[in-house]
Amino acid sequence: MRGPRTRTATERDWENRSAYAYELADKAAQDDTWLLAWETARPDDPDAAVVRARSTVCLAWDIRGGKRAQYTTGEQFRGFHATLQRSRAETERAAELNPEDPTPHITEIWTALGLGYPHAEMDRIWAAITERAPYHYEAHFSAVQYWCKKWRGSHELARAFADEAAAKAPLGSLLTAFPLIVHFEHDETTDQEADRTPEMTARVDAALADVAAADPAHPRLAEVRHLLAYYLSLQDRDEAAVEQFRLVDGYVNALPWRYRTEPAEEYCSLRDQSVRAAPATV
């Protein structure tokens with residue numbers, strides 16, 4: 001990203017650029033005083049523009065809240081939709097100011113999800129992203145959310161998208177995590193046998209190989225390790241689970257924990273269970 005005075009190496013490091021844009025945007029959604037000052041000082045700065053577009057989307061989702069539709073008020077929905085509509089022009093401007101950057105298009109996926117863009121429009125956004133960054137992790141995560149049954153797709157569409165991404169991606173891209181994510185997003189059973197099938201074991205093994213080949217500085221590596229720790233534990237592969245838990249201990253803002261009422265409690269419970277089951281690793 002670029003601040004008021006300097007440009008850093010993240011300009012073409014699209015993974016880190018989108019990660020930093022989100023972190024800054026999340027803060028700006030709460031208080032954008034500093035972003036307004038940046039925009040005043042540099043009116044056509046593509047970095048400020050991408051943060052502004054992302055912050056408007058963050059603000060929209062903050063207005064909506066994280067509850068299911070039946071527990072969300074009409075006022076919240078009106079504010080949500082109006083703010084997402086406003087984000088469309090901001091996203092377009094950010095894309096025009098930096099045509100090579102996939103980040104504005106990734107941001108637009110969340111507008112598409114919230115406003116219910118038809119599948120053809122999502123295909124347009126996806127083509128713009130893959131033209132610029134075909135193996136971008138956050139882009140794939142965002143797209144999987146769009147294609148999930150709970151939003152604008154179905155289990156079948158999400159699974160097909162994830163399987164294709166995992167099959168095409170180079171080792172170390174972490175995209176083999178997406179078949180696991182799609183399984184998690186659509187798993188409505190409490191039966192752990194669904195997590196222990198040969199197919200699920202093969203998915204976990206593929207993700208383990210992907211993690212081993214990934215750049216240690218990849219901004220999404222910890223998220224994938226959490227997912228692996230979870231499924232390795234459910235598959236009674238406790239020694240391997242503990243190895244992943246050790247590498248991420250202290251951070252719980254990832255799947256599956258962030259979907260839980262008490263993320264840290266759930267995380268600690270499963271971690272400790274695996275540690276007890278694998279005493280030789282302690």
Side-chain angles (χ1 to χ4, degrees), residues 15 18-19 22 61 66 102 106-107 109-110 112-114 122 125-126 129-130 133-214 218-235 237 240-241 244-245 247-248 251-260 263 266-267 270:
E15 289 284 0
S18 65
Y22 172 75
W61 285 91
I106 297 168
T107 298
I109 292 176
W110 294 94
L113 192 157
M122 179 60 190
I125 297 168
W126 191 245
I129 292 169
T130 53
Y135 308 117
H136 196 291
Y137 186 93
E138 186 191 345
H140 281 79
F141 180 83
S142 302
V144 158
Q145 295 301 309
Y146 175 93
W147 291 116
C148 276
K149 178 182 177 181
K150 64 182 179 181
W151 289 111
R152 306 303 174 184
S154 66
H155 188 182
E156 292 73 24
L157 287 171
R159 184 170 54 196
F161 175 86
D163 287 347
E164 181 179 0
K168 289 183 176 180
L171 200 62
S173 65
L174 303 179
L175 298 194
T176 55
F178 287 101
L180 292 173
I181 291 172
V182 168
H183 173 81
F184 177 79
E185 290 282 3
H186 295 88
D187 185 7
E188 298 177 347
T189 73
T190 57
D191 183 1
Q192 290 188 8
E193 290 308 309
D195 304 313
R196 303 175 189 228
T197 64
E199 182 181 28
M200 283 297 291
T201 299
R203 287 171 176 168
V204 169
D205 288 343
L208 281 168
D210 213 358
V211 162
H218 194 297
R220 306 297 175 177
L221 182 57
E223 296 178 27
V224 181
R225 289 195 186 280
H226 273 279
L227 199 66
L228 280 170
Y230 175 72
Y231 280 113
L232 285 164
S233 183
L234 294 185
Q235 292 174 1
R237 301 163 70 180
Q244 299 300 321
F245 278 122
L247 290 167
V248 296
Y251 167 89
V252 296
N253 186 27
L255 290 178
W257 327 113
R258 70 171 173 238
Y259 280 19
R260 310 304 195 201
E266 294 273 357
Y267 168 83
L270 201 63

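- For the atom pair CG of D163 and CG of L175, the computed distance is 12.5 Å after rounding to the nearest 0.5 Å.
- Of all the heavy atoms in V182 and H186, the pair that sits closest is O-ND1, 2.9 Å.
- P102 and A133 make their closest contact through CG-CB, 3.9 Å (heavy atoms, listed as atom of the first residue, atom of the second, distance).
- Checked by atom type and distance alone, the side chain of R225 never pairs as donor or acceptor with a backbone atom of Q244 at under 3.5 Å.
- Minimum interatomic distance between H218 and S173 (heavy atoms only, all atoms of both residues): NE2-O, 4.1 Å.
- In this structure a side-chain-to-backbone donor-acceptor pair under 3.5 Å is missing from D195 to Q235.
- Using cut-offs of 30° and 60° for the angle between ring planes, the W257 and Y230 rings count as perpendicular.
- Side-chain contact between M122 and I109: present, with at least one pair of heavy atoms (C-beta onward) separated by less than 4.5 Å.
- We find the CD-OG1 distance between E138 and T107 to be 7.5 Å, quoted to the nearest 0.5 Å.
- Pairing each heavy atom of L228 with each of V204, the nearest pair is CD2-O, 3.7 Å.
- The aromatic rings of Y231 and F184 sit perpendicular, their planes meeting at an angle over 60°, well past the 30° parallel limit.
- In this structure, Y146 has its ring center no closer than 6.0 Å to that of W126.
- To the nearest 0.5 Å, atom CD of residue E185 and atom CG of residue L180 are 12.0 Å apart.
- Residues L174 and F141 form no side-chain contact, since every pair of their non-hydrogen atoms from C-beta on lies 4.5 Å or further apart.
- The backbone N or O of Y251 sits less than 3.5 Å from a side-chain atom of H226, completing a donor-acceptor pair.
- Between R203 and T176 there is no side-chain heavy-atom pair separated by less than 4.5 Å.
- More than 12 heavy atoms of other residues, nucleotides or ligands shown are found within 6.0 angstrom of NZ on K150.
- Counting all heavy atoms, side chain and backbone alike, H183 lies closest to A194 at CE1-O, 3.5 Å.
- Separation of atoms CG (D187) and CE (M200) is listed at 8.0 Å; rounding is to 0.5 Å.
- Counting all heavy atoms, side chain and backbone alike, A222 lies closest to V248 at O-CG1, 3.8 Å.
- Side chain of R258 to main chain of V252: no donor-acceptor pair is present (N/O by atom type, distance under 3.5 Å, no hydrogens or angles).
- Using a 4.5 Å cut-off on side-chain heavy atoms (C-beta onward), R237 and D205 make contact.
- Below 30°, between 30° and 60°, or above 60°: for F178 and H140 the angle between ring planes is between 30° and 60°, a tilted geometry.
- A distance of 8.0 Å separates CG in N253 from CD in E223, rounded to the nearest 0.5 Å.
- At least one donor-acceptor pair under 3.5 Å links the side chain of E15 to the backbone N or O of Y137.
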Assess whether side chain to side chain contact (heavy atoms under 4.5 Å, CB included) is satisfied between L113 and W61, documenting all intermediate values. CA-CA 11 Å; L113 192 157; W61 285 91; 3.5 Å; yes
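- The backbone N or O of L171 lies less than 3.5 Å from no partner atom in the side chain of D210, so there is not a single donor-acceptor pair.
- Checking side-chain atoms of S233 against main-chain N and O of A229 turns up no donor-acceptor pair under 3.5 Å.
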